[in-house]
Amino acid sequence: MYITTTIPYVNARPHLGHALELVQGDVLARHHRRRGEPVRFQTGTDDNSLKNVLAAEAQGVPVRELVDRNAAAFEGLRRPLDLSFDSFIRTSSHPGHRAGVERIWAATRHDLYQRHYTGLYCVGCEQFYPADPCPDGHEAPLQRVSEENWFFRLSRYQDALLELIDGGRLRIEPAGRRNEVLAFVRAGLADISVSRSAVRARGWGIPVPGDPDQVVYVWWDALANYVTALQDGDYGRWWVSEGRKTHLMGKGVIRFHAVYWPAMLLSAGLPLPTEIFVHDYLTVDGRKISKSSGTAADPLALVEAYGVDAVRWWLLREVPRVGDADFTEERLAGRADEDLANGLGNLVNRVVTMVHRFLGGRVPEVPARPLAEVSEAVHEALEEFDFRRAAAAVWTIVEEANKYVEKAQPWRQSRAEQEVSLATLVHACRELAVQLEPFLPTAAARVAAAVRGDRLPPPEPLFRRLAAKVDGDRIGA
RNA sequence: GGGGCGGUAGCUCAGCCGGUUAGAGCAUCGGACUCAUAAUCCGUGGGUCGUGGGUUCAAGUCCCACCCGCCCUACCA
């Protein structure tokens with residue numbers, strides 16, 4: 001399985017929305033690896049966007065410097081968020097990217113033509129609009145741009161795209177998004193401009209082969225990353241032979257991935273991705289994430305304040321498959337205290353304590369029942385990209401184990417009975433550690449360490465409470 | 001303007017092809033227990049299922065209109 005996230009442009013540091021997509025991809029990657037499937041999980045940054053240039057100008061720093069600094073911040077999310085991506089591509093520095101874009105350009109050359117174009121261009125959207133108010137509400141006024149651009153015959157691929165999506169060869173989830181794409185394609189596809197004048201791009205980006213006055217449209221450039229990042233044998237392995245190629249993305253960029261990108265590949269005669277999963281957006285304190293969200297939307301600051309487990313758990317356990325979700329530090333802490341401290345942490349702690357008190361720390365041998373139902377429920381949920389349902393399925397182990405303690409009441413049992421009940425509970429905790437790994441790798445490792453071996457280490461709390469921290473010490477503005 | 005998605009208990013949400021008294025978690029309240037991070041377990045209360053029509057023996061669950069939020073798309077004079 002080849003899993004990709006979108007590559008964000010790096011005009012600013014990463015925010016919580018980026019973390020959501022990365023964590024979702026990470027869960028999929030870890031889950032499928034654990035099932036023994038070969039997995040390549042890839043992310044990266046779109047360095048070539050004109051927005052990066054403008055941001056650098058606004059800050060008065062060289063583009064290269066801004067791009068390098070912010071790209072490093074994205075890549076730097078790996079450790080604090082426990083991400084397991086196998087490769088990180090930067091479109092401005094990956095050794096094969098530019099050559100790859102040029103190859104795709106050449107392969108689609110039969111569908112490219114030059115046309116004089118005059119239109120209103122929104123720099124914020126990197127897109128042309130027919131009338132002045134930019135629908136996204138970017139402040140900069142639309143620029144009247146008149147130039148000779150390269151166009152791609154997107155219109156030729158309408159039927160092929162419909163067949164591809166309607167026939168299910170390109171799966172788009174959730175279903176509502178698939179319908180949205182189908183409606184867009186059925187409405188008719190116009191050819192799209194796929195180059196910009198190099199002058200307008202401030203010389204930033206990849207020059208059009210044979211036409212140095214133009215640079216390749218940043219979307220064309222960025223989309224190509226999914227294949228250009230695959231060097232040498234990797235391309236054959238992960239793009240040609242691999243049966244499952246999954247793109248993760250936010251709802252704002254579905255058209256580029258579900259329409260432009262497959263059309264580019266069709267034109268170039270290259271294999272297509274097989275799945276697209278579209279997530280919705282996060283708001284913070286009821287507002288769109290923006291600069292003013294400050295550290296409350298900064299994944300790094302959140303991890304430092306609350307820990308990686310709490311942050312990942314909120315993203316996975318609380319964000320619905322469909323619909324925007326609102327993040328607050330209160331919700332993060334509430335979920336962490338309820339589930340991690342009171343639920344999981346307390347369970348492990350009470351089990352370990354009882355093993356010490358009643359059995360001298362020794363774990364008795366008992367036949368272990370595998371918890372296949374949980375594993376299956378997790379898998380089914382993840383096949384639908386329902387991370388919340390998958391996380392809930394893992395949690396049934398915590399709930400069942402806590403109920404089991406109340407029912408068995410080991411403190412009232414004979415030694416023989418205690419051996420059975422506590423062995424069962426230790427087994428449940430071990431299984432929990434296994435099932436939890438894709439979601440909370442750090443927490444899973446700590447649980448595993450607490451219940452490993454014949455002799456358990458002395459009990460100690462696995463998770464501290466966070467709610468008090470929120471009251472007195474909100475990190476947000 | 002066209003299309004799509006949401007609007008279900010205080011909060012976050014489940015409710016597939018229509019069918020017994022509409023569910024879960026959190027919060028509230030009551031009880032139990034003591035192994036545990038005042039944790040856990042059991043139980044209670046609480047809902048005009050956005051509004052109004054319609055189809056049906058039967059609708060949260062299908063159809064129509066409208067209201068609210070969001071998304072996509074186009075902006076006919």
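Just so it is clear: chains get the letters A, B, ... in the order the sequence lines come, proteins before strands, and each one is counted from 1.
Taking the six-membered ring where the residue is Trp, the centroids of Phe41(A) and His32(A) are separated by 6.0 Å or more. For Phe327(A) and Trp314(A), the ring centers are positioned less than 6.0 Å apart. Ring-centre distance between His247(A) and Phe277(A): not below the 6.0 Å cut-off. Ring pair Tyr217(A)/Trp150(A): centre-to-centre distance not below 6.0 Å.
The 5' end of RNA chain B is approached more closely, in terms of each residue's nearest nucleotide, by Arg412(A) than by the other of Leu347(A) and Arg412(A). When each of Trp411(A) and Arg321(A) is assigned the nucleotide of RNA chain B bearing its nearest heavy atom, the one mapping closer to the 5' terminus is Arg321(A).
Leu436(A) and Ala443(A) make their closest contact through CD2-CB, 4.5 Å (heavy atoms, listed as atom of the first residue, atom of the second, distance).
Close to C11(B), at under 4.0 Å from its OP1 or OP2, lies no side-chain N or O of Arg331(A). The side chain of Arg350(A) contributes no N or O atom lying less than 4.0 Å from OP1 or OP2 of U34(B).
A gap of 33 Å separates the P atoms of C70(B) and G23(B), to the nearest Å. Atom name P, nucleotides C76(B) and C49(B): the rounded distance is 42 Å, in whole Å. Separation of the C1' atoms belonging to A9(B) and C71(B) is 28 Å when rounded to the nearest angstrom. If you take atom P in A22(B) and the same atom in C63(B), they sit 23 Å apart, rounded to whole Å. Nucleotides G43(B) and U37(B) place their C1' atoms 25 Å apart, quoted to the nearest Å.
Consecutive Watson-Crick or G-U pairing (both distances under 3.5 Å) extending over three or more pairs maps onto RNA chain B as B:1-7 with B:67-73, B:10-13 with B:23-26, B:29-32 with B:40-43, B:50-54 with B:62-66.
The only option from Met249(A), His257(A), Glu180(A) that meets the side-chain contact (heavy atoms from CB on, under 4.5 Å) definition with Val278(A) turns out to be Met249(A). Of the candidates Trp219(A), Tyr113(A), Tyr260(A), Trp220(A), Trp220(A) is the only one forming a ring-ring contact (aromatic ring centres under 6.0 Å, His included) with Phe152(A). Checked options Val308(A), Leu344(A), Asp339(A); the residue passing with Trp313(A) is Asp339(A) (criterion: side-chain contact (heavy atoms from CB on, under 4.5 Å)).
At a threshold of 4.0 Å, the pair Glu173(A)-Arg171(A) counts as salt-bridged, since one of the basic side-chain nitrogens sits closer than that to a carboxylate oxygen.
Contacts of Leu462(A) with the nucleic acid, taken as non-hydrogen atoms under 4.0 Å apart, include base atoms. Pro320(A) comes within contact range of the sugar-phosphate backbone alone, with a heavy-atom separation under 4.0 Å but no base atom that close.
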Base, backbone or nothing for each nucleotide of nucleotides 24-31 of chain B, written B, S, -, heavy atoms under 4.0 angstrom, 5' to 3'? --S-----
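Judged purely by distance below 3.5 Å, without hydrogens or angles, the side chains of Asp326(A) and Thr283(A) pair a donor atom with an acceptor atom. With hydrogens and angles left out, the side-chain atoms of Asp111(A) and Tyr157(A) include a donor and acceptor closer than 3.5 Å. Under the 3.5 Å distance criterion, with hydrogens and angles disregarded, a donor-acceptor pair is assigned to the side chains of Asp82(A) and Thr442(A).
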Please list, for nucleotides 69-71 of chain B, all pairs of protein and nucleotide N/O atoms separated by less than 3.5 Å.
from, atom 1, to, atom 2, distance (Å)
C71(B), O2', Arg177(A), NH1, 3.4

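Side chain Asn346(A) to base A36(B): a donor-acceptor pair is found below 3.5 Å.
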